[in-house]
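Notes for the one structure printed next.
What you are looking at is a predicted structure, and each value in this text was computed from that prediction instead of being measured.
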Amino acid sequence: MSRIRYQQTAIPESDMQGASIETLALRAGQNRTPELEHSDAIYPTSSFIYGSAAQAAARFAGDEPGNIYSRFTNPTVQSFERRIAAMEGGERAVATSSGMSAILATCMALLQSGDHVVCSRGVFGTTNVLLQKYLGRFGVSTTFVRLTDEAEWQAAIRPETKMLFLETPSNPLCEVADMAFISDLARQQGAWFVVDNCFCTPILQRPLEHGADIIIHSATKYLDGQGRCVGGCVVGDDKTMEEVYGFLRSAGPTMSPFNAWVFLKGLETLPIRMRAHCENALALAEWLEQRPEVEEVFYAGLPSHPQHALAARQQSGFGGIVSFRVKGGRDEAWQLVDATRMISITANLGDVKTTVTHPATTTHGRLSPEDKEAAGITENLVRLSVGLESLDDLKTDLARGLDQLST
Ligand SMILES: *Cc1c(COP(=O)(O)O)cnc(C)c1O
């Protein structure tokens with residue numbers, strides 16, 4: 001008798017053991033309905049029904065697994081959670097309504113009043129605001145340190161330090177942290193080591209393999225990759241993620257099933273997109289480095305980058321973000337931005353379309369002049385999130401502005 005292959009609606013997790021990340025991106029976590037659809041199903045429902053009063057009681061008591069309400073669980077959202085967890089090599093993921101709510105949920109679940117956080121100075125601007133202003137109000141204090149200064153990390157640790165938080169590579173200067181070092185520091189202190197893996201995605205870097213406890217994603221960026229939805233997730237071990245999930249089901253910043261479906265589609269092409277982003281970004285960084293109007297290029301794929309060797313060890317690619325200083329100041333940087341005709345002027349990143357930003361007056365505009373100085377956010381700095389247009393067309397668009405600048 002021939003074997004009926006699709007009698008089960010969910011692909012058994014055991015079938016995915018040992019699969020490569022390209023395969024996991026396409027197939028991990030799919031949850032088929034009895035219709036046996038090939039693509040993922042969307043479950044646009046707020047609640048779920050029960051076969052009996054006794055079953056409802058068992059579900060609410062947690063004695064029987066199953067869906068209750070989409071603030072808690074939703075099958076499309078769970079597929080996304082299982083897929084991204086498999087790709088990061090984590091036990092479990094918890095999906096959230098945005099990248100910021102992933103960070104908030106992590107902090108709310110794991111920290112309490114009196115706790116202290118050490119965070120790298122170059123983190124996403126809103127992360128800075130969340131930690132300093134809002135969590136600060138509830139008695140959680142944060143010390144900001146230079147991402148690459150190991151002595152500064154060490155010196156910032158206090159008895160009450162409960163979390164070390166960083167992004168690597170940093171935004172916008174592509175500085176790279178040695179995760180093994182920070183992980184050791186966190187272990188000694190008994191603190192959580194949290195990595196925002198937005199820039200690399202699991203395709204280029206898997207922080208759990210370098211000693212991180214928890215990974216944060218803004219799914220809004222590369223995971224979607226086509227600028228459609230806002231979302232996020234947290235990845236880690238079962239026990240820790242149960243805490244994060246506990247906050248999420250109580251506070252409510254959950255991911256919508258439609259957005260989860262878009263992110264599932266995004267994950268399918270993530271491996272191939274990330275490779276293409278890296279290839280275009282490296283070629284563009286090399287070209288910019290040769291331009292006489294450009295003072296300095298920041299991209300870890302360039303041998304001139306101070307942490308090139310570390311990045312090559314820790315990452316399997318250098319990512320799609322390239323920053324550079326033009327000769328001059330704000331006028332020259334704005335002239336370059338304004339001369340583009342194709343590249344989108346927007347602060348978003350991780351899109352298949354190339355975007356250009358002037359960090360000093362947008363993403364990092366809220367920093368004080370001293371903080372900008374410390375973070376290297378000068379007025380002549382321009383950031384590109386390199387997309388998948390042809391390299392020639394990107395060069396043509398950037399040359400419009402560069403050609404106008406004096407050398
Ligand atoms: C965009 C971003 C966030 C916040 O994500 P949202 O989805 O916009 O809430 C967090 N970290 C990094 C590195 C980001 O780029």
Q: Please test His217 against Glu88 for side-chain hydrogen bond (donor to acceptor under 3.5 Å, both in side chains), starting from the C-alpha separation and ending with a verdict.
A: CA-CA 11 Å; His217 275 293; Glu88 283 287 9; 2.7 Å; yes

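- Using a 4.5 Å heavy-atom cutoff, the side chains of Leu394 and Met342 are in contact.
- With a 4.5 Å cut-off on side-chain heavy atoms, Val195 and Phe165 do not count as touching.
- For the residue pair Glu332/Asn380, the side-chain donor-acceptor check at 3.5 Å is not satisfied.
- In summary, the side chains of Thr346 and Ser344 do not present any donor paired with an acceptor at a separation below 3.5 Å, with no hydrogens or angles considered.
- When each of His305, Arg146, Gln307 is tested with Glu175 by the rule side chain to side chain donor-acceptor pair (under 3.5 Å), just one qualifies, namely Arg146.
- Side-chain atoms of Thr106 and Phe247, non-hydrogen and from C-beta on, never get closer than 4.5 Å to each other.
- With Thr254 contributing its side chain and Thr96 its backbone, the two residues share no donor-acceptor pair below 3.5 Å.
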Q: Could you walk me through whether Arg325 and Thr378 pass side-chain hydrogen bond (donor to acceptor under 3.5 Å, both in side chains), step by step?
A: CA-CA 8 Å; Arg325 297 194 213 283; Thr378 53; 2.5 Å; yes

(Q) Run the side-chain hydrogen bond (donor to acceptor under 3.5 Å, both in side chains) test on Arg228 and Asn259 for me, step by step, so that the C-alpha distance in whole Å, both residues' side-chain angles and the decisive distance to 0.1 Å come before the verdict. (A) CA-CA 9 Å; Arg228 297 163 292 195; Asn259 287 9; over 6 Å; no

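- Counting heavy-atom neighbours within 6.0 Å of Phe138 CZ, excluding the residue itself, gives a total of 12 or less.
- Between Phe318 and Tyr299, the ring planes lie perpendicular to each other; the angle is over 60°, past the 30° to 60° tilted range.
- Judged by distance alone, the side chain of Thr354 and the main-chain N or O of Gly387 form a donor-acceptor pair under 3.5 Å.
- To the nearest 0.5 angstrom, Thr142 atom OG1 is 8.5 Å from Asn128 atom CG.
- A 4.5 Å side-chain heavy-atom check between Val234 and Met241 finds at least one atom pair inside the cut-off.
- For the pair Glu268 and Arg27, the salt-bridge criterion is not met [side-chain N within less than 4.0 Å of a carboxylate O].
- In summary, Arg400 and Asp397 engage in a salt bridge, as defined by a charged side-chain N under 4.0 Å from a carboxylate O.
- The two residues Cys200 and Gln205 come nearest to each other via the heavy atoms CB-CB, 3.6 Å.
- Of the possible polar contacts, none joining the Ser97 side chain to the Met255 backbone as a donor-acceptor pair under 3.5 Å is found.
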Q) Between Trp261 and Ser39, is a side chain to side chain contact (heavy atoms under 4.5 Å, CB included) present by the stated rule, with each step listed? A) CA-CA 10 Å; Trp261 183 84; Ser39 179; 4.1 Å; yes

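- For the pair Arg249 and Phe72, the distance from NZ or CZ to the six-membered ring centre is under 6.0 Å and the angle to the ring normal is within 45 degrees.
- Side chains of Pro169 and Phe298 form no contact here, defined as non-hydrogen atoms less than 4.5 Å apart.
- The structure places SG of Cys229 at 5.5 Å from CZ of Phe258, a figure rounded to the nearest 0.5 Å.
- A donor-acceptor pair shorter than 3.5 Å can be found between the side chains of Asn171 and Arg383.
- The CG atom of Leu282 sits 14.5 Å away from atom NE2 of His277, with the distance rounded to the nearest 0.5 Å.
- For the residue pair Ser79 and Thr76, no side-chain donor N or O sits within less than 3.5 Å of a side-chain acceptor on the partner.
- Not a single donor-acceptor pair under 3.5 Å links the side chain of Arg71 to the backbone N or O of Ser250.
- For the pair Leu104 and Met100, the minimum side-chain heavy-atom distance is 4.5 Å or more.
- Between the side chains of Thr161 and His116, at least one donor-acceptor pair of N or O atoms lies under 3.5 Å.
- A donor-acceptor contact closer than 3.5 angstrom links the side chains of Glu289 and Ser304.
- Side chains of Asp393 and Thr396: a donor-acceptor N/O pair is absent below 3.5 angstrom, by distance only.
- Under a cut-off of 6.0 angstrom, the local environment of NZ in Lys265 is crowded, with over 12 non-hydrogen atoms contributed by other residues, nucleotides or ligands.
- Using a 4.5 Å heavy-atom threshold, the side chains of Ile21 and Arg206 count as touching.
- Minimum heavy-atom separation, Arg291 to Ala399: NH1-CB, 4.1 Å.
- The number of heavy-atom neighbours closer than 6.0 Å to CD of Glu279, taken from other residues, nucleotides and ligands shown, is 12 or below.
- Summarising the local packing, CD of Glu37 is surrounded by more than 12 heavy atoms from other residues, nucleotides or ligands at distances under 6.0 Å.
- Salt bridge absent: Lys239 and Glu242 never bring a charged side-chain N and a carboxylate O closer than 4.0 Å.
- Of the inter-residue distances, the one linking Cys174 atom SG with His308 atom NE2 reads 13.0 Å to the nearest 0.5 angstrom.
- Atom CG of Leu391 is surrounded by more than 12 heavy atoms from other residues, nucleotides or ligands within 6.0 Å.
- The minimum heavy-atom distance between Cys198 and Leu349, with the atom names listed, is SG-CD1, 4.5 Å.
- A donor-acceptor pair shorter than 3.5 Å can be found between the side chains of Thr73 and Asn67.
- A salt bridge links Asp40 with Arg83: at least one charged nitrogen is closer than 4.0 Å to a carboxylate oxygen.
- Counting heavy atoms from C-beta on, the side chains of Leu185 and Ile157 come closer than 4.5 Å.
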